[in-house]
Amino acid sequence: MPERELKKKAAPQRREEEVDEAPTATAQGDKIKAELDDLLDEIDEVLEANAEDFVKSYIQKGGE
Amino acid sequence: MAIRKILGIETEYGIITRGAEESNPIAASSTLVRAYATEVAGQPGRTRGVGWDFEDEMPGNDARGESLVRSYAPEVETHLVNAVLTNGSRFYVDHAHPELSTPECSNALQALLYDRAGEEILLKAMAGARNLLPEGQEILVYKNNSDGKGQSYGTHENYLLARSLPFGRIVTHAITHFVTRQIYTGAGKLGTEVPGHRTDEVPYQLTQRADFFEEEVGLETTLKRPIVNTRDEPHADAKKYRRLHVIVGDANMSEAATFLKLVTTAMWFAAVEDGAVEREWRFARPVQALRQVSRDLELSQPIEMADGTSMTALEIQWELLALCRDWAERFGLDAVGEEAGRQGLALWEETLAGLEDDPANVADIVDWVAKLRVIDGFRRRHDLRWNAAKLRAMDLQYHDLRPEKSLARRVGLRTLLSREAVANAITEPPADTRAWFRGRCLQRFSDQIVAANWDSMVFDVGAASLQRVPMMEPSRGTRDHVGKLVEEATSAADLIARLAT
């Protein structure tokens, strides 16, 4: 499994680099957070109007 | 050499009727199927689609070869609505759910394509049903496996295996993969539905289905569900083939997850069939292991093995991947399709490496990760408890098929298929399995087809008796094999005459 050995060794090295280049890592983190914030704004809009009723009325019979 | 791993997926969809005083799921499911067969697929001059032929249905046969008193064979429901579609699928009512079975596919990429086409068929059926329903009513479907209140419905995979492979070996290796693949096949779920436990004992888990499995091996699918289902109904030459009916999986919204679930399983059984898997991984308690893995969000808990050692699901998956790589080098990828096999191995490695480093890396591949990211984000933003109604609504709405409502369509999942390919697969059958013959005959001669099922078609060509065309070889009846004959036939009677010579 040479690929796996490489991956396993590569991961800690990358973490060390991230420490050296903290600003980049933070920028990346901010970008991910901004994306999630946008997504959550959108979800506020598309979520079923009455969540409580929706969840209560979602009743299924067993299948298969 | 392993036989070609022909495969397919059956999906039972959750269903509700909005705007009705009482929701009758059987009636609603029938309405959907009828709406598609008549309103959408529009077979002119027919009020119903081509029906299903139940002649060869034997869901009570047990692969273990003995009749077990404690096993209950499911009843075949012949009275409910059934339609066979021109893309080779079967769209029908099973218990209280609309169910779509993809056609037989030659590889996992193709099976993904027809699973996606199935979603589009359900969407069209929902739109068509509006014409059949009273004003203000609407039928909605959800591609999930649980209502969050203790009721589950299935997404079943099917794989063609060689009959010569002893069933005991299948069981051992199947349990190993089914327990550990959950780390990337899980569709995610809030809470637990194990009877006798409070829902919020488990805030969130990897899979929809693990709560519902109580046995290692068995014939049932609706109660005391087993990790390995022994239904022995090959829908093909039973002397040569076995159809492994896999009931333990989740319905996936992620194309990459659906593909990965299918390709890893097809490859794993191909490797087993070729004798490339010498080692066995036996769990001390498989049912407990299934639930343990489903609840281990950190992917770090070791599973206790029968020999007293322990390994994590991730560690075992790395070993299965390594074995499949070795198998591919020795035997080639013919059994799973070159392209699907190559892409499958790469995605498998990418996914395990991503999960190992930080599951957030695979939020575009793995459903449980994508769903958790958005539910947990919402929970933190609004400071909610894990069992809050809004979060539970999100859990359901992740699986809503409607583009304007689906959360899965919004979370940034990777797509593997083009829109054109999916649109085409709604009406066109796969070219390289017997589904081509079924689908193309339905396109050309639907008026003369009385009924169809997986391994035969029945024609009424005006002769004294109906003509049954058997299709016991899933890899024959392809476009290459019978294309010329079917295209040149001027009528169903001519087709039957040509097939007889």
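Everything quoted here is computed from the prediction, not taken from an experiment. Residue numbers start from 1 in every chain, and the chains themselves are labelled A, B, ... in the order their sequence lines are given, proteins ahead of strands.
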Return the [atom1] to [atom2] distance between [X] and [Y], rounded to the nearest 0.5 Å.
X      : Y      : atom1 : atom2 : answer
B:I375 : A:L40  : CD1   : CG    : 11.0 Å
A:L47  : B:F378 : CG    : CZ    : 5.5 Å
B:Y142 : A:Q60  : OH    : CD    : 9.5 Å

Inset, instruction - Say whether A:E64 and B:H95, considering side chains only, have a donor N or O and an acceptor N or O under 3.5 Å apart. - result: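 Short answer, no.
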Inset, instruction - Check the side chains of B:D395 and A:Y58 for a donor-acceptor pair under 3.5 angstrom, ignoring hydrogens and angles. - result: no
Per-residue contact mode, [X] against chain B (heavy atom under 4.5 angstrom):
X     : answer
A:K56 : backbone
A:D38 : neither
A:L39 : side chain
A:D53 : neither

What part of [X] is in contact with chain A, defined as an atom under 4.5 angstrom from a non-hydrogen atom: side chain, backbone, both or neither?
X      : result
B:R381 : side chain
B:N145 : neither
B:N229 : neither
B:R402 : side chain
B:I15  : both
B:S146 : backbone
B:R373 : both

Inset, instruction - Give a yes or no on this: more than 12 heavy atoms of other residues, nucleotides or ligands lie within 6.0 Å of atom NZ of A:K61. - result: no
Inset, instruction - Report, as yes or no, whether the 6.0 Å neighbourhood of atom NZ on B:K149 holds more than 12 heavy atoms from other residues, nucleotides or ligands. - result: yes
Inset, instruction - For the pair B:H382 and A:D44, evaluate side-chain contact (heavy atoms from CB on, under 4.5 Å) and give the outcome as yes or no after the intermediate values. - result: CA-CA 11 Å; B:H382 298 282; A:D44 268 328; 3.6 Å; yes
Hey, is [X] close enough to [Y] for a salt bridge, meaning N to O under 4.0 Å?
X      : Y      : value
B:R392 : A:E48  : no
B:R409 : A:E42  : no
B:R410 : A:E45  : no
A:E52  : B:K390 : no

Inset, instruction - Search all heavy atoms of A:V46 against all heavy atoms of B:E404 and return the closest pair with its distance. - result: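 Scanning both residues completely, I find the closest heavy atoms to be CG1-O, 3.7 Å.
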Legend entry - Residue pair A:I59 / B:Q151, side-chain heavy-atom distance below 4.5 Å: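 Contact flag for A:I59/B:Q151 side chains = no.
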